[in-house]
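Structure in structure tokens, see below.
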Amino acid sequence: QVQLVESGGGPAQAGGSLRLSCAPSGRTFGSYAMGWFRQAPGKEREFVAACNWSGGSTYYADFVKGRFTISRDNAKNTVYLQMNSLKPEDTAVYYCAARAISWSSREEDYASWGRGTQVTVSS
């Protein structure tokens, strides 16, 4: 397992942008697929986006397509989630997760998780 640390959350206005970052603590994650999930108050955690180990292939939930972009810089050992055109319904705790090699949209497939970073979007 890999310890992950998210950063970059905070308040934002509707229509605004935030960039979340996720980095492993104490090791590299070059061979891991990375995913972003989120959990809004009173709701179950849901898949947001994922990329394969190289970042060459990316996958998105329908509700963020065209607004969010996942990317990674393996040289910096960091994965990002660029969030544009934010909506109040994007308010949630955002988690990054890692699994070996291939991506998945199922949270049960990820062995390593961060503690999350809060994103709050106001109208």
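Start at 1 with the first residue, then count along the sequence.
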Ser7: partners by side-chain contact (heavy atoms from CB on, under 4.5 Å), with sequence neighbours left out | Ser21
Pairwise disulfide bond (SG atoms under 2.5 Å apart) hits with a residue in residues 71-123, at least two apart = Cys22-Cys96
With distance as the sole test, does Tyr110 use its side chain to make a donor-acceptor pair with the main-chain N or O of Ser104 at under 3.5 Å?
-> yes
Sorted by chain and residue number, the side chain to side chain donor-acceptor pair (under 3.5 Å) partners of Gln39 (sequence neighbours excluded) come out as none
Is there a donor-acceptor contact under 3.5 Å from the side chain of Asn52 to the main chain of Ser57?
-> yes
For Arg72, all residues meeting salt bridge (charged side-chain N to carboxylate O under 4.0 Å, His left out), sequence neighbours excluded = none
By salt bridge (charged side-chain N to carboxylate O under 4.0 Å, His left out), which residues pair with Glu46, not counting sequence neighbours?
-> Arg38
Partner residues of Arg67 under the salt bridge (charged side-chain N to carboxylate O under 4.0 Å, His left out) criterion, sequence neighbours left out = Asp90
Partners of Ser71 by side-chain contact (heavy atoms from CB on, under 4.5 Å), sequence neighbours excluded?
-> Tyr80
Stepwise side-chain contact (heavy atoms from CB on, under 4.5 Å) check, Gln3 with Ser112 = CA-CA 7 Å; Gln3 288 186 310; Ser112 301; over 6 Å; no
Partner residues of Glu108 under the salt bridge (charged side-chain N to carboxylate O under 4.0 Å, His left out) criterion, sequence neighbours left out = Arg106
Please step through side-chain contact (heavy atoms from CB on, under 4.5 Å) for the pair Leu81 and Val48, ending with a clear verdict.
-> CA-CA 10 Å; Leu81 185 68; Val48 176; 4.2 Å; yes
Residues Trp103 and Ala33: closest non-hydrogen pair is N-CB, 3.6 Å
Which pairs count as disulfide bond (SG atoms under 2.5 Å apart) when at least one residue sits in residues 35-89, sequence neighbours excluded?
-> none
Val5, Val93: one ILVMFWY side-chain cluster at the under-4.5 Å cut-off?
-> no
Cluster overlap Val2 with Val79, hydrophobic side-chain contacts below 4.5 Å | yes
All side-chain contact (heavy atoms from CB on, under 4.5 Å) counterparts of Lys65, not counting sequence neighbours = Tyr60, Asp62
Calculate, to the nearest 0.5 Å, the distance between atoms CZ and NZ belonging to Phe63 and Lys87 respectively.
-> 10.5 Å
Nearest 0.5 Å please: distance from the OG atom of Ser123 over to the CD atom of Gln13.
-> 8.0 Å
Search all heavy atoms of Thr91 against all heavy atoms of Ala40 and return the closest pair with its distance.
-> O-CB, 3.6 Å
Are Met83 and Tyr94 close enough that some pair of their side-chain heavy atoms sits under 4.5 Å apart?
-> yes
For Met34 and Ile70, which heavy atoms make the closest approach, and how far apart are they?
-> O-CD1, 3.9 Å
Atom CZ of Arg115 and atom OH of Tyr95: how far apart are they, to the nearest 0.5 Å?
-> 11.0 Å
Here the pair of heavy atoms bringing Leu86 nearest to Leu18 is CD1-N, 3.9 Å
Which residues share a side chain to side chain donor-acceptor pair (under 3.5 Å) with Ser17, sequence neighbours left out = Asn84
Is a side-chain donor or acceptor of Asp109 paired with a backbone partner of Ser102 at a separation under 3.5 angstrom?
-> no
OG1 of Thr117 to CH2 of Trp36, rounded to nearest 0.5 Å, is 7.5 Å
Of all heavy-atom pairs between Ala14 and Pro88, which one has the smallest distance, and what is that distance?
-> CB-CD, 4.1 Å
Residues passing the side-chain contact (heavy atoms from CB on, under 4.5 Å) test with Glu107, sequence neighbours excluded, are Phe37, Arg45, Trp113
Decide side-chain contact (heavy atoms from CB on, under 4.5 Å) for Leu20 and Glu6; before the verdict, give the C-alpha distance in whole Å, the side-chain angles of both, and the deciding distance to 0.1 Å.
-> CA-CA 7 Å; Leu20 306 183; Glu6 303 96 337; over 6 Å; no
